[in-house]
There are 2 protein chains.
Amino acid sequence: MTEHGEDVEGMAMERTPRGTGRRLHGSIAHKIGVAIVSGTYAPGDILSSEVDFSEALDVSRGAYREAIRALAAKGLVESRPKAGTRVLPRARWNLLDPDVLTWAFAGEPDAQFVRNLFELRAVVEPAAAGFAAERRDREDLRVLKEALAQMRRHSLATEAGRIADRDFHDAILRATRNDAMMVLAASIGAAVSWTTQYKQRARALPRNPIPDHARVYEAIAAGDAAGASAAMRVLVDLALQDTASAMGAPV
Amino acid sequence: MTEHGEDVEGMAMERTPRGTGRRLHGSIAHKIGVAIVSGTYAPGDILSSEVDFSEALDVSRGAYREAIRALAAKGLVESRPKAGTRVLPRARWNLLDPDVLTWAFAGEPDAQFVRNLFELRAVVEPAAAGFAAERRDREDLRVLKEALAQMRRHSLATEAGRIADRDFHDAILRATRNDAMMVLAASIGAAVSWTTQYKQRARALPRNPIPDHARVYEAIAAGDAAGASAAMRVLVDLALQDTASAMGAPV
DNA sequence: TGACAATTTTGGTCCGACTATAAGCCGCAT
DNA sequence: ATGCGGCTTATAGTCGGACCAAAATTGTCA
């Protein structure tokens, strides 16, 4: 992707084992995954036969198959003897899967999809904050407070600031004592954090997020479920507005 | 398991290609997946080496590796050279993945987990109903009405009845016009439907679900978001109560 | 004794052959 | 013509065996 300049098909793998980082099958899955999510291969399309595609990628058939297995596990494709490997309809994709989310945000994210994600977040996170207010223990509050302090110290423009922000939300999720909710909101949160880059890019950083977060913290500390929920709803709504304006799309 | 007498490890694959149905790597993934989710292999555990495990299962190393790829794609395990394949901490599992859910409900489902699922459902579905009330079109209402009619015709004890119930909820999700919410609620709904079996098993069928569903339909048809949301909340709460009592666990 | 090097274990990749499945075609009978 | 059933054949599925690469362990030497 750097100075080689070639990669004619746009899909050729690095032949040099140097600096692969990921395993080979992993990068294959990544490439094809991005291609599918970004629409290069539309739902219903049939991928080239295993032999053709794998040698087009210049990898062994085994590695290619393992990549396809991963994609199939995420609901992106389905392979059947004689029929080939077909891209499944979007409704079957595990859109909440962390990897799929990563692939979706690898290119220019679809504005509509981002809106949907925020909508879901606006449903889940306030509820999570409410549960957290009811179930948090002393340790949860300590972590929450520490994250808040870190957010005050560093701006959201810095890496440390974003990590603190993430810690804050993660701590709330842990406090819900609900695994399912944790997994879900963690995925959404990750996706949402990608959009933060767009906010930064647009230099649209007019709002100081600290007060919003502080209000959430106070309500959780006070054990005020309704208050925590409401405060979180405000926080998410504001984040959505920022993102929407930064992406140049109407809310 | 029958007269073969052997199968020492309790994990040996059927050697007879007869009635496999699933592909081989699929059944391997299923077996190991269930074993992990049910706690046979605890987080942090290292699976036997590829050669050992694959020949213990009496399958080729390739098939085994493909199965592991699928599990890795769902966040259940992680493989690293020399380090082996290790079961990841529960927090990394894609608990909302349809397959993982299936595996989780393959054995006796964990009561706590079911409660968490219902809690999440209680958050998402009412919100979805609200959005549906705002965005549904004539076609959505038609499908919804038809599903409701089918539910009246067949009891929930029948397969047709359960399908109708599922159609009803799916139609609501489609009406939200939110892909992310659709995928999520579909997963949860599938999981919840497993629990229906437990309700049946316990013969705890005291409640007639039609009125609850009808109220949701009426509110959506009327475009009453708040009403639809409230009606759905009631519906989910009642379902939770039924399930909880059927599972013999306190709410 | 501590740093370095050889060893060995284990996953990663490749190859080539064979098998099993089902889509699509062809022909038969209606 | 039409619908059904068997046959063909392309394609994914499975296998086994070989070699590569990385990392944990062990052993060795300064």
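Values below: all heavy atoms of this structure, side chains included; hydrogens, waters and symmetry mates excluded.
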- Any donor and acceptor pair, going by atom type alone, linking the side chain of B:T176 with main-chain N or O of B:F131 inside 3.5 Å?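 No.
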
- Query: Nearest of D:dT14, D:dT11, C:dG11 to any side-chain atom of B:E66?
  - Reply: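 Of all the options, the side chain of B:E66 is nearest to D:dT14.
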
- Of the nucleotides D:dG13, C:dC14, D:dC15, which has the atom closest to the A:V59 side chain?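 Shortest atom-to-atom distance from the side chain points to C:dC14.
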
- Message: Is there a side-chain contact between B:V51 and B:Y64 in this structure, where contact means two heavy atoms from C-beta onward sitting under 4.5 Å apart?
- Response: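 A side-chain contact is absent here, since even the closest heavy-atom pair is not under 4.5 Å.
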
- Query: With side chains defined as the heavy atoms from C-beta onward, is the minimum distance between A:I68 and A:F53 less than 4.5 Å?
  - Reply: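 Side-chain contact under 4.5 Å: no.
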
- If you take atom types as modelled and just measure distance, does the side chain of A:R61 reach the base of C:dG16 with a donor-acceptor pair under 3.5 Å?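 Absent.
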
In whole angstrom, what separates [X]'s [atom1] from [N]'s [atom2]?
X: A:E55; N: C:dT13; atom1: CD; atom2: C1'; answer: 16 Å
X: A:L47; N: D:dA10; atom1: CG; atom2: C1'; answer: 16 Å
X: B:R65; N: C:dT10; atom1: CZ; atom2: P; answer: 15 Å
X: B:Y64; N: C:dG11; atom1: OH; atom2: P; answer: 7 Å
X: A:D52; N: D:dT11; atom1: CG; atom2: P; answer: 8 Å
X: B:D58; N: D:dG16; atom1: CG; atom2: C1'; answer: 13 Å
X: B:L57; N: D:dG16; atom1: CG; atom2: P; answer: 13 Å
X: A:E50; N: C:dA20; atom1: CD; atom2: P; answer: 17 Å

- Which part of the nucleic acid, if any, lies within contact of A:R69, taking any heavy atom under 4.0 Å across all strands shown: a base, the sugar-phosphate backbone alone, or nothing?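 Counting heavy atoms under 4.0 Å across all strands, the contact made by A:R69 is with sugar-phosphate only.
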
- When we call it a touch if two heavy atoms are under 4.0 Å apart, what does B:G84 touch: a base, just sugar-phosphate, or nothing?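 Sugar-phosphate contact only.
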
- A:N178 and side-chain hydrogen bond (donor to acceptor under 3.5 Å, both in side chains): which partner among B:E119, B:R115, B:Q112?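 It is B:E119, the one option of B:E119, B:R115, B:Q112 that forms the side-chain hydrogen bond (donor to acceptor under 3.5 Å, both in side chains) with A:N178.
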
- Query: Is it true that A:R142 and A:E139 make a salt bridge, defined as a side-chain N closer than 4.0 Å to a carboxylate O?
  - Reply: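 Salt bridge flag = yes for A:E139 with A:R142.
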
- Task: Would you mind checking if A:R69 and A:E66 are paired as a salt bridge, meaning a charged N to carboxylate O distance below 4.0 Å?
- Result: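 Looking at A:R69 together with A:E66, the answer is no, because their closest N to O distance does not fall below 4.0 Å.
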
Only distances under 3.5 Å count here; give the side-chain donor-acceptor pairs of residues 143-153 of chain B to other protein atoms, sequence neighbours excluded, each with its distance to 0.1 Å.
residue: B:E146; atom: OE2; partner: B:Q150; partner atom: NE2; Å: 3.1
residue: B:Q150; atom: OE1; partner: B:H154; partner atom: ND1; Å: 3.4

- Using a cut-off of strictly less than 4.0 Å, decide whether B:R23 has a side-chain nitrogen or oxygen near OP1 or OP2 of D:dA12.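 For B:R23, the contact criterion (side-chain N or O under 4.0 Å from OP1 or OP2 of D:dA12) is not met.
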
- Item | Short side-chain N/O contact to D:dT14 OP1/OP2 from B:S60, under 4.0 Å |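 Checking D:dT14 against B:S60, no side-chain N or O comes under 4.0 Å of OP1 or OP2.
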
What are the atom names and distances for every N/O pair under 3.5 Å that joins the protein to nucleotides 23-27 of chain C?
residue: C:dA23; atom: OP1; partner: A:R80; partner atom: NH2; Å: 2.6

